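Presented below is the structure to which this report refers.
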2 protein chains.
Amino acid sequence: MSQTVDRALSILPLLAEGPADLGQVADRLGVHKSTALRLLRTLHEHGLVYRQSDQRYRLGARLFALAQEAMENLDVREIAHPHLVRLNESCGHTVHLAVYEENEVLYIDKVESRYPVRMYSRIGKPVAITVAAVAKLLLADLPEHERRAVAEKLDYPMYTSRSTPHASAFLRELEKVREQGWATDLGGHEESINCVAAPIRGADGRVVAAMSVSAPNVVVTADELLTLLPLVRRTADAISGEYSGRTPVKGTV
Amino acid sequence: MSQTVDRALSILPLLAEGPADLGQVADRLGVHKSTALRLLRTLHEHGLVYRQSDQRYRLGARLFALAQEAMENLDVREIAHPHLVRLNESCGHTVHLAVYEENEVLYIDKVESRYPVRMYSRIGKPVAITVAAVAKLLLADLPEHERRAVAEKLDYPMYTSRSTPHASAFLRELEKVREQGWATDLGGHEESINCVAAPIRGADGRVVAAMSVSAPNVVVTADELLTLLPLVRRTADAISGEYSGRTPVKGTV
DNA sequence: AATGAAGGTTGCAGATATTGCAACACCGCA
DNA sequence: TGCGGTGTTGCAATATCTGCAACCTTCATT
(Lines give C-alpha, C1' and ligand atoms only; values in the text may rest on other atoms or scores of the structure.)
Protein backbone atom coordinates (compact mmCIF):
# COMPACT_ATOMS: atom_id res chain seq x y z
CA MET A 1 0.00 0.00 0.00
CA SER A 2 2.91 2.32 0.58
CA GLN A 3 5.68 1.72 -1.86
CA THR A 4 8.50 3.25 0.14
CA VAL A 5 7.66 1.43 3.31
CA ASP A 6 7.05 -1.72 1.37
CA ARG A 7 10.52 -1.57 -0.09
CA ALA A 8 12.11 -0.77 3.21
CA LEU A 9 10.42 -3.67 4.93
CA SER A 10 11.39 -6.02 2.16
CA ILE A 11 14.95 -5.47 3.21
CA LEU A 12 14.42 -7.16 6.53
CA PRO A 13 13.72 -10.72 5.38
CA LEU A 14 16.46 -10.25 2.86
CA LEU A 15 18.97 -9.45 5.57
CA ALA A 16 17.61 -12.26 7.67
CA GLU A 17 19.24 -14.61 5.22
CA GLY A 18 22.57 -13.14 6.11
CA PRO A 19 24.57 -9.93 5.87
CA ALA A 20 24.53 -8.09 2.56
CA ASP A 21 26.19 -5.02 1.18
CA LEU A 22 24.56 -2.01 -0.38
CA GLY A 23 24.81 -3.27 -3.94
CA GLN A 24 23.24 -6.58 -3.14
CA VAL A 25 20.36 -4.96 -1.33
CA ALA A 26 19.76 -2.53 -4.17
CA ASP A 27 19.80 -5.32 -6.73
CA ARG A 28 17.42 -7.53 -4.88
CA LEU A 29 15.05 -4.67 -4.28
CA GLY A 30 15.30 -3.60 -7.89
CA VAL A 31 16.10 -0.01 -7.00
CA HIS A 32 18.99 2.35 -7.43
CA LYS A 33 21.82 2.12 -4.96
CA SER A 34 21.13 5.57 -3.59
CA THR A 35 17.56 4.60 -2.87
CA ALA A 36 18.61 1.47 -1.08
CA LEU A 37 21.09 3.50 0.89
CA ARG A 38 18.47 5.88 2.12
CA LEU A 39 16.12 3.09 3.09
CA LEU A 40 18.88 1.29 4.93
CA ARG A 41 19.76 4.47 6.73
CA THR A 42 16.25 4.87 7.95
CA LEU A 43 16.11 1.28 9.11
CA HIS A 44 19.42 1.85 10.76
CA GLU A 45 18.20 4.87 12.67
CA HIS A 46 15.48 2.74 14.10
CA GLY A 47 17.95 0.09 15.08
CA LEU A 48 16.38 -2.56 12.89
CA VAL A 49 19.49 -2.82 10.82
CA TYR A 50 23.07 -2.80 11.92
CA ARG A 51 26.15 -2.04 9.98
CA GLN A 52 28.94 -4.39 10.81
CA SER A 53 32.59 -3.55 10.64
CA ASP A 54 32.97 -4.75 7.04
CA GLN A 55 30.29 -2.23 6.08
CA ARG A 56 27.75 -4.89 5.33
CA TYR A 57 24.31 -4.66 6.79
CA ARG A 58 22.58 -7.15 8.96
CA LEU A 59 19.53 -7.20 11.20
CA GLY A 60 19.87 -5.06 14.26
CA ALA A 61 19.36 -5.32 17.96
CA ARG A 62 16.15 -3.40 18.27
CA LEU A 63 14.51 -6.26 16.51
CA PHE A 64 15.19 -8.53 19.45
CA ALA A 65 13.92 -5.99 21.88
CA LEU A 66 10.74 -5.54 19.88
CA ALA A 67 10.11 -9.25 19.54
CA GLN A 68 10.73 -9.46 23.25
CA GLU A 69 8.19 -6.87 24.15
CA ALA A 70 5.68 -8.20 21.71
CA MET A 71 6.03 -11.53 23.38
CA GLU A 72 5.57 -10.18 26.84
CA ASN A 73 2.39 -8.47 25.81
CA LEU A 74 0.71 -11.72 24.97
CA ASP A 75 -1.31 -12.21 28.06
CA VAL A 76 -2.34 -15.77 27.28
CA ARG A 77 1.27 -16.62 27.45
CA GLU A 78 1.79 -14.98 30.77
CA ILE A 79 -1.16 -16.73 32.31
CA ALA A 80 -0.36 -20.06 30.78
CA HIS A 81 3.28 -20.18 31.64
CA PRO A 82 3.14 -21.38 35.24
CA HIS A 83 0.64 -24.04 34.22
CA LEU A 84 2.95 -25.26 31.50
CA VAL A 85 5.80 -25.45 33.95
CA ARG A 86 3.74 -27.42 36.39
CA LEU A 87 2.65 -29.80 33.68
CA ASN A 88 6.22 -30.22 32.63
CA GLU A 89 7.24 -30.98 36.17
CA SER A 90 4.65 -33.63 36.56
CA CYS A 91 5.17 -35.44 33.25
CA GLY A 92 8.71 -34.45 32.30
CA HIS A 93 8.00 -34.00 28.60
CA THR A 94 8.25 -31.00 26.35
CA VAL A 95 5.29 -28.65 26.63
CA HIS A 96 4.34 -26.16 23.92
CA LEU A 97 2.00 -23.22 23.72
CA ALA A 98 0.94 -21.96 20.29
CA VAL A 99 -1.33 -19.39 18.71
CA TYR A 100 -2.76 -18.87 15.23
CA GLU A 101 -2.09 -15.70 13.34
CA GLU A 102 -2.54 -14.87 9.71
CA ASN A 103 -2.30 -18.31 8.18
CA GLU A 104 0.46 -19.31 10.49
CA VAL A 105 0.67 -21.15 13.74
CA LEU A 106 3.54 -20.32 15.98
CA TYR A 107 4.92 -21.42 19.27
CA ILE A 108 4.90 -18.68 21.82
CA ASP A 109 6.18 -20.70 24.72
CA LYS A 110 7.95 -23.91 25.37
CA VAL A 111 9.11 -25.78 28.41
CA GLU A 112 11.57 -28.50 27.77
CA SER A 113 12.84 -30.83 30.41
CA ARG A 114 15.91 -32.39 29.01
CA TYR A 115 17.67 -29.64 27.15
CA PRO A 116 17.54 -26.51 29.23
CA VAL A 117 19.59 -24.58 26.70
CA ARG A 118 18.47 -22.78 23.57
CA MET A 119 14.90 -23.47 24.39
CA TYR A 120 13.88 -20.23 22.73
CA SER A 121 15.25 -21.55 19.48
CA ARG A 122 11.90 -22.72 18.29
CA ILE A 123 9.78 -20.01 19.78
CA GLY A 124 8.55 -17.69 17.08
CA LYS A 125 9.13 -20.13 14.30
CA PRO A 126 6.15 -21.15 12.26
CA VAL A 127 4.87 -24.60 13.09
CA ALA A 128 4.37 -27.41 10.61
CA ILE A 129 0.80 -26.35 10.25
CA THR A 130 -0.62 -29.35 8.45
CA VAL A 131 0.48 -31.89 11.00
CA ALA A 132 1.09 -30.32 14.40
CA ALA A 133 -1.51 -31.16 16.99
CA VAL A 134 -1.75 -27.58 18.19
CA ALA A 135 -2.23 -26.35 14.64
CA LYS A 136 -5.14 -28.71 14.16
CA LEU A 137 -6.89 -27.32 17.20
CA LEU A 138 -6.34 -23.74 16.22
CA LEU A 139 -7.48 -24.22 12.64
CA ALA A 140 -10.38 -26.41 13.61
CA ASP A 141 -11.89 -23.50 15.45
CA LEU A 142 -11.86 -21.13 12.50
CA PRO A 143 -15.20 -20.39 10.86
CA GLU A 144 -16.07 -22.97 8.23
CA HIS A 145 -15.29 -20.91 5.15
CA GLU A 146 -12.07 -19.50 6.51
CA ARG A 147 -10.93 -22.93 7.58
CA ARG A 148 -11.60 -24.21 4.10
CA ALA A 149 -9.84 -21.26 2.50
CA VAL A 150 -6.77 -21.76 4.61
CA ALA A 151 -6.70 -25.49 4.04
CA GLU A 152 -6.83 -25.02 0.29
CA LYS A 153 -3.99 -22.57 0.31
CA LEU A 154 -1.59 -24.70 2.31
CA ASP A 155 1.16 -26.94 1.09
CA TYR A 156 1.11 -30.47 2.34
CA PRO A 157 4.69 -31.61 2.65
CA MET A 158 5.10 -35.29 3.46
CA TYR A 159 7.46 -35.02 6.38
CA THR A 160 6.75 -38.67 7.09
CA SER A 161 4.43 -41.31 5.74
CA ARG A 162 1.88 -40.24 8.30
CA SER A 163 1.83 -36.58 7.38
CA THR A 164 -1.46 -35.11 6.28
CA PRO A 165 -1.38 -35.62 2.51
CA HIS A 166 -3.84 -33.06 1.17
CA ALA A 167 -6.48 -30.49 1.92
CA SER A 168 -9.46 -32.80 2.07
CA ALA A 169 -7.76 -35.16 4.49
CA PHE A 170 -6.81 -32.16 6.54
CA LEU A 171 -10.32 -30.80 6.62
CA ARG A 172 -11.65 -34.17 7.68
CA GLU A 173 -9.08 -34.30 10.45
CA LEU A 174 -10.03 -30.80 11.54
CA GLU A 175 -13.65 -31.80 11.69
CA LYS A 176 -12.79 -34.72 13.93
CA VAL A 177 -10.60 -32.58 16.13
CA ARG A 178 -13.31 -29.98 16.36
CA GLU A 179 -15.74 -32.53 17.66
CA GLN A 180 -13.56 -34.35 20.10
CA GLY A 181 -11.99 -31.21 21.51
CA TRP A 182 -8.41 -32.41 21.46
CA ALA A 183 -5.83 -33.43 18.89
CA THR A 184 -2.79 -35.57 18.33
CA ASP A 185 0.15 -35.73 16.02
CA LEU A 186 1.41 -39.25 15.83
CA GLY A 187 4.65 -39.14 13.92
CA GLY A 188 3.30 -36.79 11.33
CA HIS A 189 6.18 -34.39 11.55
CA GLU A 190 9.06 -36.39 12.91
CA GLU A 191 8.75 -40.12 12.56
CA SER A 192 9.48 -40.76 16.21
CA ILE A 193 7.69 -37.89 17.88
CA ASN A 194 4.14 -37.93 19.17
CA CYS A 195 2.08 -35.10 20.60
CA VAL A 196 -1.20 -34.66 22.45
CA ALA A 197 -2.79 -31.25 22.46
CA ALA A 198 -5.73 -29.43 24.02
CA PRO A 199 -7.33 -26.05 23.30
CA ILE A 200 -7.36 -22.95 25.47
CA ARG A 201 -10.53 -20.95 25.11
CA GLY A 202 -11.46 -17.37 25.83
CA ALA A 203 -14.61 -16.22 27.59
CA ASP A 204 -16.58 -16.51 24.36
CA GLY A 205 -15.57 -20.10 23.81
CA ARG A 206 -13.31 -19.35 20.89
CA VAL A 207 -9.96 -21.08 20.86
CA VAL A 208 -7.28 -18.51 21.60
CA ALA A 209 -4.32 -20.83 21.96
CA ALA A 210 -3.42 -24.48 22.11
CA MET A 211 -0.99 -26.43 24.18
CA SER A 212 0.64 -29.77 23.68
CA VAL A 213 2.88 -32.34 25.25
CA SER A 214 5.44 -33.99 22.98
CA ALA A 215 7.65 -36.96 23.52
CA PRO A 216 9.74 -39.27 21.39
CA ASN A 217 8.77 -42.89 20.89
CA VAL A 218 11.84 -44.08 22.68
CA VAL A 219 10.67 -42.51 25.93
CA VAL A 220 6.98 -43.32 25.86
CA THR A 221 4.84 -45.04 23.29
CA ALA A 222 2.01 -43.19 21.65
CA ASP A 223 -0.44 -45.08 23.82
CA GLU A 224 1.35 -44.14 26.97
CA LEU A 225 1.44 -40.55 25.87
CA LEU A 226 -2.28 -40.66 25.33
CA THR A 227 -2.81 -41.50 28.95
CA LEU A 228 -1.66 -37.98 29.64
CA LEU A 229 -4.57 -36.58 27.71
CA PRO A 230 -6.80 -35.97 30.74
CA LEU A 231 -3.99 -34.13 32.46
CA VAL A 232 -3.30 -32.01 29.40
CA ARG A 233 -6.94 -31.17 29.04
CA ARG A 234 -7.26 -30.29 32.68
CA THR A 235 -4.28 -27.99 32.38
CA ALA A 236 -5.69 -26.34 29.29
CA ASP A 237 -9.03 -25.88 31.00
CA ALA A 238 -7.37 -24.34 34.01
CA ILE A 239 -5.64 -21.84 31.75
CA SER A 240 -8.87 -21.16 29.90
CA GLY A 241 -10.60 -20.45 33.17
CA GLU A 242 -7.99 -18.09 34.35
CA TYR A 243 -7.76 -16.39 30.99
CA SER A 244 -11.44 -15.72 30.59
CA GLY A 245 -11.99 -14.76 34.19
CA ARG A 246 -9.35 -12.14 33.99
CA THR A 247 -10.20 -8.43 34.11
CA PRO A 248 -10.28 -7.13 30.51
CA VAL A 249 -7.41 -4.76 29.79
CA LYS A 250 -5.95 -1.68 31.36
CA GLY A 251 -6.01 0.26 28.07
CA THR A 252 -6.46 4.05 28.31
CA VAL A 253 -9.43 4.07 25.98
CA MET B 1 16.11 10.09 6.20
CA SER B 2 12.94 8.79 4.64
CA GLN B 3 9.91 10.30 6.19
CA THR B 4 7.39 7.66 5.25
CA VAL B 5 9.52 4.78 6.39
CA ASP B 6 10.48 6.70 9.48
CA ARG B 7 6.87 7.12 10.43
CA ALA B 8 6.04 3.54 9.70
CA LEU B 9 8.87 2.25 11.82
CA SER B 10 7.92 4.55 14.65
CA ILE B 11 4.76 2.56 14.92
CA LEU B 12 6.60 -0.53 16.04
CA PRO B 13 7.96 0.64 19.38
CA LEU B 14 4.64 2.28 19.94
CA LEU B 15 2.82 -0.99 19.53
CA ALA B 16 5.42 -2.72 21.61
CA GLU B 17 3.94 -0.93 24.58
CA GLY B 18 0.68 -2.65 23.94
CA PRO B 19 -2.13 -2.88 21.42
CA ALA B 20 -3.48 0.35 20.03
CA ASP B 21 -6.26 1.30 17.66
CA LEU B 22 -6.03 3.37 14.54
CA GLY B 23 -6.85 6.65 16.21
CA GLN B 24 -4.24 6.22 18.89
CA VAL B 25 -1.58 5.37 16.37
CA ALA B 26 -2.48 8.36 14.22
CA ASP B 27 -2.41 10.69 17.20
CA ARG B 28 0.91 9.53 18.48
CA LEU B 29 2.42 9.75 15.03
CA GLY B 30 0.93 13.14 14.49
CA VAL B 31 -0.59 12.19 11.15
CA HIS B 32 -4.04 11.84 9.72
CA LYS B 33 -5.93 8.65 10.40
CA SER B 34 -5.91 7.68 6.77
CA THR B 35 -2.17 8.01 6.65
CA ALA B 36 -1.75 5.87 9.73
CA LEU B 37 -4.09 3.34 8.21
CA ARG B 38 -2.00 3.01 5.09
CA LEU B 39 1.20 2.66 7.03
CA LEU B 40 -0.33 0.04 9.27
CA ARG B 41 -1.57 -1.81 6.25
CA THR B 42 1.87 -1.95 4.80
CA LEU B 43 3.32 -3.17 8.06
CA HIS B 44 0.54 -5.67 8.18
CA GLU B 45 1.31 -7.04 4.75
CA HIS B 46 4.81 -7.71 5.93
CA GLY B 47 3.53 -9.44 9.01
CA LEU B 48 5.16 -7.00 11.39
CA VAL B 49 1.82 -5.92 12.68
CA TYR B 50 -1.20 -7.98 13.49
CA ARG B 51 -4.76 -6.99 13.80
CA GLN B 52 -6.47 -8.65 16.68
CA SER B 53 -10.12 -9.49 16.83
CA ASP B 54 -11.06 -6.21 18.49
CA GLN B 55 -9.56 -4.44 15.49
CA ARG B 56 -6.67 -3.10 17.46
CA TYR B 57 -3.17 -3.52 16.19
CA ARG B 58 -0.27 -5.17 17.88
CA LEU B 59 3.14 -6.45 16.88
CA GLY B 60 3.03 -9.38 14.55
CA ALA B 61 4.52 -12.80 14.25
CA ARG B 62 7.02 -12.13 11.51
CA LEU B 63 8.90 -10.06 14.03
CA PHE B 64 9.65 -13.15 16.06
CA ALA B 65 10.77 -15.03 13.02
CA LEU B 66 13.05 -12.19 11.98
CA ALA B 67 14.57 -11.82 15.42
CA GLN B 68 15.03 -15.56 15.34
CA GLU B 69 16.90 -15.59 12.10
CA ALA B 70 18.96 -12.58 13.03
CA MET B 71 19.98 -14.41 16.13
CA GLU B 72 20.97 -17.52 14.28
CA ASN B 73 23.14 -15.54 11.94
CA LEU B 74 25.35 -14.32 14.71
CA ASP B 75 28.19 -16.71 14.28
CA VAL B 76 29.94 -15.79 17.51
CA ARG B 77 26.93 -17.05 19.26
CA GLU B 78 26.88 -20.32 17.43
CA ILE B 79 30.51 -20.98 18.11
CA ALA B 80 30.33 -19.89 21.69
CA HIS B 81 27.29 -21.79 22.69
CA PRO B 82 28.75 -25.24 23.34
CA HIS B 83 31.54 -23.63 25.34
CA LEU B 84 29.04 -21.77 27.46
CA VAL B 85 27.16 -24.94 28.12
CA ARG B 86 30.29 -26.75 29.13
CA LEU B 87 31.26 -23.95 31.45
CA ASN B 88 27.83 -24.02 32.97
CA GLU B 89 28.07 -27.73 33.51
CA SER B 90 31.35 -27.43 35.32
CA CYS B 91 30.51 -24.51 37.59
CA GLY B 92 26.72 -24.60 37.72
CA HIS B 93 26.22 -20.86 37.54
CA THR B 94 24.50 -18.67 35.04
CA VAL B 95 26.58 -17.96 31.95
CA HIS B 96 25.98 -14.99 29.64
CA LEU B 97 27.20 -13.98 26.23
CA ALA B 98 26.89 -10.35 25.17
CA VAL B 99 27.78 -8.05 22.29
CA TYR B 100 27.98 -4.30 21.85
CA GLU B 101 25.96 -2.59 19.20
CA GLU B 102 25.16 1.06 18.74
CA ASN B 103 25.48 2.33 22.28
CA GLU B 104 23.88 -0.75 23.70
CA VAL B 105 25.11 -3.99 25.12
CA LEU B 106 22.85 -6.93 24.83
CA TYR B 107 22.81 -10.52 25.84
CA ILE B 108 22.70 -12.85 22.91
CA ASP B 109 22.90 -16.08 24.83
CA LYS B 110 22.42 -17.36 28.31
CA VAL B 111 22.74 -20.67 30.02
CA GLU B 112 21.11 -20.91 33.38
CA SER B 113 21.35 -23.87 35.65
CA ARG B 114 18.64 -23.48 38.17
CA TYR B 115 15.72 -22.07 36.29
CA PRO B 116 15.40 -23.86 32.99
CA VAL B 117 12.28 -21.93 32.06
CA ARG B 118 11.91 -18.56 30.38
CA MET B 119 15.59 -18.29 29.96
CA TYR B 120 15.15 -16.34 26.78
CA SER B 121 13.40 -13.63 28.73
CA ARG B 122 16.53 -11.63 29.09
CA ILE B 123 18.09 -12.35 25.74
CA GLY B 124 17.81 -9.34 23.51
CA LYS B 125 17.22 -6.96 26.33
CA PRO B 126 19.70 -4.16 26.78
CA VAL B 127 22.11 -4.75 29.62
CA ALA B 128 22.71 -2.34 32.49
CA ILE B 129 25.57 -0.90 30.55
CA THR B 130 27.27 1.10 33.27
CA VAL B 131 27.71 -1.75 35.69
CA ALA B 132 27.60 -5.11 33.92
CA ALA B 133 30.94 -6.84 33.69
CA VAL B 134 30.44 -7.77 30.08
CA ALA B 135 29.55 -4.19 29.20
CA LYS B 136 32.78 -2.97 30.73
CA LEU B 137 34.79 -5.30 28.57
CA LEU B 138 32.96 -4.39 25.40
CA LEU B 139 33.17 -0.66 26.00
CA ALA B 140 36.74 -0.81 27.19
CA ASP B 141 37.75 -2.01 23.77
CA LEU B 142 36.24 0.90 21.87
CA PRO B 143 38.64 3.48 20.46
CA GLU B 144 39.49 6.14 23.03
CA HIS B 145 37.32 8.92 21.64
CA GLU B 146 34.31 6.75 21.02
CA ARG B 147 34.57 5.26 24.48
CA ARG B 148 34.62 8.72 25.95
CA ALA B 149 31.72 9.85 23.80
CA VAL B 150 29.61 6.90 24.84
CA ALA B 151 30.50 7.28 28.50
CA GLU B 152 29.46 10.92 28.48
CA LYS B 153 26.14 10.15 26.89
CA LEU B 154 25.13 7.45 29.34
CA ASP B 155 22.93 7.71 32.36
CA TYR B 156 24.36 6.38 35.58
CA PRO B 157 21.49 4.98 37.59
CA MET B 158 22.41 3.96 41.11
CA TYR B 159 20.98 0.47 41.14
CA THR B 160 22.90 -0.13 44.35
CA SER B 161 25.44 1.74 46.42
CA ARG B 162 28.15 0.10 44.39
CA SER B 163 26.87 1.12 40.97
CA THR B 164 29.16 3.21 38.82
CA PRO B 165 28.21 6.76 39.80
CA HIS B 166 29.33 8.86 36.85
CA ALA B 167 31.21 9.03 33.57
CA SER B 168 34.66 9.68 34.95
CA ALA B 169 34.46 6.77 37.38
CA PHE B 170 33.25 4.65 34.52
CA LEU B 171 36.10 5.66 32.25
CA ARG B 172 38.59 4.90 34.98
CA GLU B 173 37.02 1.50 35.47
CA LEU B 174 37.15 0.87 31.74
CA GLU B 175 40.80 1.76 31.68
CA LYS B 176 41.49 -0.73 34.42
CA VAL B 177 39.45 -3.42 32.70
CA ARG B 178 41.23 -2.71 29.47
CA GLU B 179 44.57 -3.34 31.06
CA GLN B 180 43.77 -6.39 33.10
CA GLY B 181 41.79 -8.08 30.36
CA TRP B 182 38.83 -9.14 32.47
CA ALA B 183 36.07 -7.49 34.46
CA THR B 184 33.78 -7.92 37.39
CA ASP B 185 30.51 -6.58 38.64
CA LEU B 186 30.33 -6.91 42.39
CA GLY B 187 26.82 -6.06 43.41
CA GLY B 188 26.65 -3.09 41.10
CA HIS B 189 23.37 -4.07 39.56
CA GLU B 190 21.69 -6.30 42.09
CA GLU B 191 22.99 -6.00 45.62
CA SER B 192 23.51 -9.72 45.99
CA ILE B 193 24.74 -10.70 42.53
CA ASN B 194 28.36 -10.86 41.44
CA CYS B 195 29.80 -11.52 37.99
CA VAL B 196 33.16 -12.29 36.45
CA ALA B 197 33.62 -11.70 32.75
CA ALA B 198 36.19 -12.24 30.03
CA PRO B 199 36.45 -10.94 26.46
CA ILE B 200 36.16 -12.88 23.24
CA ARG B 201 38.38 -11.52 20.52
CA GLY B 202 38.35 -11.78 16.75
CA ALA B 203 41.35 -12.50 14.56
CA ASP B 204 42.37 -8.84 14.70
CA GLY B 205 42.38 -8.78 18.47
CA ARG B 206 39.30 -6.61 18.75
CA VAL B 207 36.73 -7.64 21.31
CA VAL B 208 33.72 -9.04 19.48
CA ALA B 209 31.80 -10.34 22.47
CA ALA B 210 32.10 -10.90 26.17
CA MET B 211 31.02 -13.68 28.45
CA SER B 212 30.37 -13.80 32.13
CA VAL B 213 29.51 -16.07 35.01
CA SER B 214 27.04 -14.72 37.54
CA ALA B 215 26.04 -16.02 40.92
CA PRO B 216 24.22 -14.69 43.96
CA ASN B 217 26.05 -14.08 47.21
CA VAL B 218 24.08 -16.75 48.95
CA VAL B 219 25.56 -19.43 46.74
CA VAL B 220 29.16 -18.32 46.52
CA THR B 221 30.92 -15.29 47.92
CA ALA B 222 32.52 -12.82 45.59
CA ASP B 223 35.93 -14.23 46.44
CA GLU B 224 34.86 -17.74 45.63
CA LEU B 225 33.42 -16.57 42.37
CA LEU B 226 36.72 -14.94 41.52
CA THR B 227 38.42 -18.31 41.74
CA LEU B 228 36.50 -19.15 38.60
CA LEU B 229 38.25 -16.39 36.72
CA PRO B 230 40.92 -18.60 35.16
CA LEU B 231 38.28 -21.00 33.93
CA VAL B 232 36.20 -18.20 32.48
CA ARG B 233 39.19 -16.72 30.75
CA ARG B 234 40.21 -20.06 29.36
CA THR B 235 36.73 -20.60 28.02
CA ALA B 236 36.68 -17.15 26.44
CA ASP B 237 40.06 -17.76 24.88
CA ALA B 238 38.91 -21.06 23.48
CA ILE B 239 35.96 -19.34 21.85
CA SER B 240 38.22 -16.59 20.55
CA GLY B 241 40.49 -19.15 18.99
CA GLU B 242 37.70 -20.98 17.30
CA TYR B 243 36.07 -17.78 16.18
CA SER B 244 39.11 -16.28 14.57
CA GLY B 245 40.30 -19.51 13.02
CA ARG B 246 37.01 -20.04 11.29
CA THR B 247 36.66 -19.82 7.50
CA PRO B 248 35.22 -16.37 6.64
CA VAL B 249 31.76 -16.56 5.17
CA LYS B 250 30.07 -18.26 2.29
CA GLY B 251 28.73 -14.98 0.85
CA THR B 252 28.24 -14.82 -2.90
CA VAL B 253 30.42 -11.76 -3.30
C1' DA C 1 -36.49 -0.26 16.28
C1' DA C 2 -34.50 3.90 15.26
C1' DT C 3 -30.98 7.22 16.11
C1' DG C 4 -26.52 8.77 16.98
C1' DA C 5 -21.79 8.41 17.87
C1' DA C 6 -17.24 6.51 17.16
C1' DG C 7 -14.06 4.50 14.52
C1' DG C 8 -12.62 2.68 10.11
C1' DT C 9 -12.30 3.08 4.97
C1' DT C 10 -12.02 5.11 0.23
C1' DG C 11 -11.29 8.54 -3.89
C1' DC C 12 -9.25 12.53 -5.06
C1' DA C 13 -6.40 16.63 -6.02
C1' DG C 14 -2.48 19.05 -4.32
C1' DA C 15 1.99 19.04 -2.88
C1' DT C 16 5.54 17.03 -0.72
C1' DA C 17 8.83 13.56 -0.37
C1' DT C 18 11.09 10.00 -3.06
C1' DT C 19 13.61 8.51 -6.99
C1' DG C 20 17.38 7.84 -10.28
C1' DC C 21 21.01 10.05 -12.23
C1' DA C 22 25.58 11.52 -12.52
C1' DA C 23 29.36 13.31 -10.40
C1' DC C 24 32.19 12.82 -6.48
C1' DA C 25 34.69 10.76 -2.52
C1' DC C 26 36.74 6.85 -0.49
C1' DC C 27 39.37 2.62 0.10
C1' DG C 28 42.19 -1.11 -1.04
C1' DC C 29 45.17 -2.97 -4.47
C1' DA C 30 48.32 -3.58 -8.21
C1' DT D 1 50.45 6.50 -8.66
C1' DG D 2 46.60 5.12 -10.93
C1' DC D 3 42.66 2.04 -11.12
C1' DG D 4 38.26 -0.62 -9.93
C1' DG D 5 34.88 -1.23 -6.88
C1' DT D 6 31.65 0.94 -3.31
C1' DG D 7 29.53 4.12 -0.88
C1' DT D 8 27.75 8.99 -0.73
C1' DT D 9 25.67 13.54 -2.02
C1' DG D 10 22.99 17.42 -4.76
C1' DC D 11 19.55 18.02 -7.91
C1' DA D 12 15.53 18.18 -10.94
C1' DA D 13 11.48 15.45 -12.34
C1' DT D 14 7.68 13.28 -10.95
C1' DA D 15 5.71 9.47 -8.87
C1' DT D 16 4.14 8.92 -4.34
C1' DC D 17 2.22 10.18 -0.18
C1' DT D 18 -0.79 13.18 2.41
C1' DG D 19 -4.95 15.29 4.32
C1' DC D 20 -9.48 16.10 3.45
C1' DA D 21 -14.24 15.06 3.36
C1' DA D 22 -17.67 11.99 2.52
C1' DC D 23 -19.10 7.34 3.31
C1' DC D 24 -19.67 3.02 5.64
C1' DT D 25 -19.93 -0.15 9.49
C1' DT D 26 -20.55 -1.33 14.11
C1' DC D 27 -22.14 -0.68 18.46
C1' DA D 28 -24.59 1.67 22.27
C1' DT D 29 -28.36 4.35 23.57
C1' DT D 30 -33.07 6.04 23.93
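First the proteins, then the strands, lettered A, B, ... as listed; each starts at 1. These numbers were taken from a predicted model, which means no experiment stands behind them.
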So do Arg58(A) and Val49(A) actually touch side chain to side chain, heavy atoms under 4.5 Å?
no
In the structure I gave you, are the side-chain heavy atoms of Val134(B) and Met211(B) within less than 4.5 Å of one another anywhere?
no
Any idea how Tyr156(B) and Phe170(B) line up, ring-wise: parallel (<30°), tilted (30 to 60°), or perpendicular (>60°)?
perpendicular
Given dT9(C), dG20(C), dC17(D), the nucleotide with the shortest approach to the side chain of Gln3(A):
dC17(D)
Mind calculating the distance between [atom1] ([X]) and [atom2] ([N]) to the nearest angstrom?
X        : N       : atom1 : atom2 : result
Asp6(A)  : dT18(C) : CG    : P     : 15 Å
Leu40(B) : dC17(D) : CG    : P     : 15 Å
Asp21(B) : dC27(D) : CG    : C1'   : 15 Å
Gln55(B) : dT9(C)  : CD    : C1'   : 10 Å
Arg7(A)  : dA15(D) : CZ    : P     : 13 Å
Lys33(B) : dC20(D) : NZ    : P     : 11 Å
Leu39(A) : dT18(C) : CG    : C1'   : 9 Å

Please tabulate the protein-to-nucleotide N/O contacts below 3.5 Å involving nucleotides 9-11 of chain D, giving atom names and distances.
| unit_1 | atom_1 | unit_2 | atom_2 | d |
| --- | --- | --- | --- | --- |
| dT9(D) | OP2 | Arg41(A) | NH2 | 2.5 |

Through what angle, rounded to 10 degrees, does the axis of the helix from dA1(C)-dT30(D) to dA30(C)-dT1(D) turn between its ends, using five pairs per end?
40°
Please round to the nearest 0.5 Å and tell me the distance separating atom OH of Tyr50(A) and atom CG of Leu59(A).
13.0 Å
Rounded to the nearest 0.5 Å, the CD atom of Glu175(A) sits from the NZ atom of Lys136(A) at a distance of 14.0 Å
Donor-acceptor pair, distance only, cut-off 3.5 Å: does the side chain of His46(B) make one with the backbone of Leu48(B)?
no
Heavy-atom donor-acceptor pair, Ser240(B) side chain to Arg201(B) backbone, under 3.5 Å
yes
Among Val208(A), Ile108(A), Val105(A), find the residue that satisfies the side-chain contact (heavy atoms from CB on, under 4.5 Å) test when tested with Val99(A).
Ile108(A)
List the atom of Pro157(A), the atom of Thr130(A), and the distance in Å for their closest heavy-atom pair.
CD-OG1, 4.2 Å
Below 4.0 Å: OP1/OP2 of dT16(D) and any side-chain N or O of Thr4(B):
no
State whether Arg51(A) places a side-chain N or O below 4.0 Å from either non-bridging phosphate oxygen (OP1 or OP2) of dT6(D).
no
When you match Tyr57(B) and Gly30(A) each to their closest nucleotide on DNA chain C, which lands nearer the 5' end?
Tyr57(B)
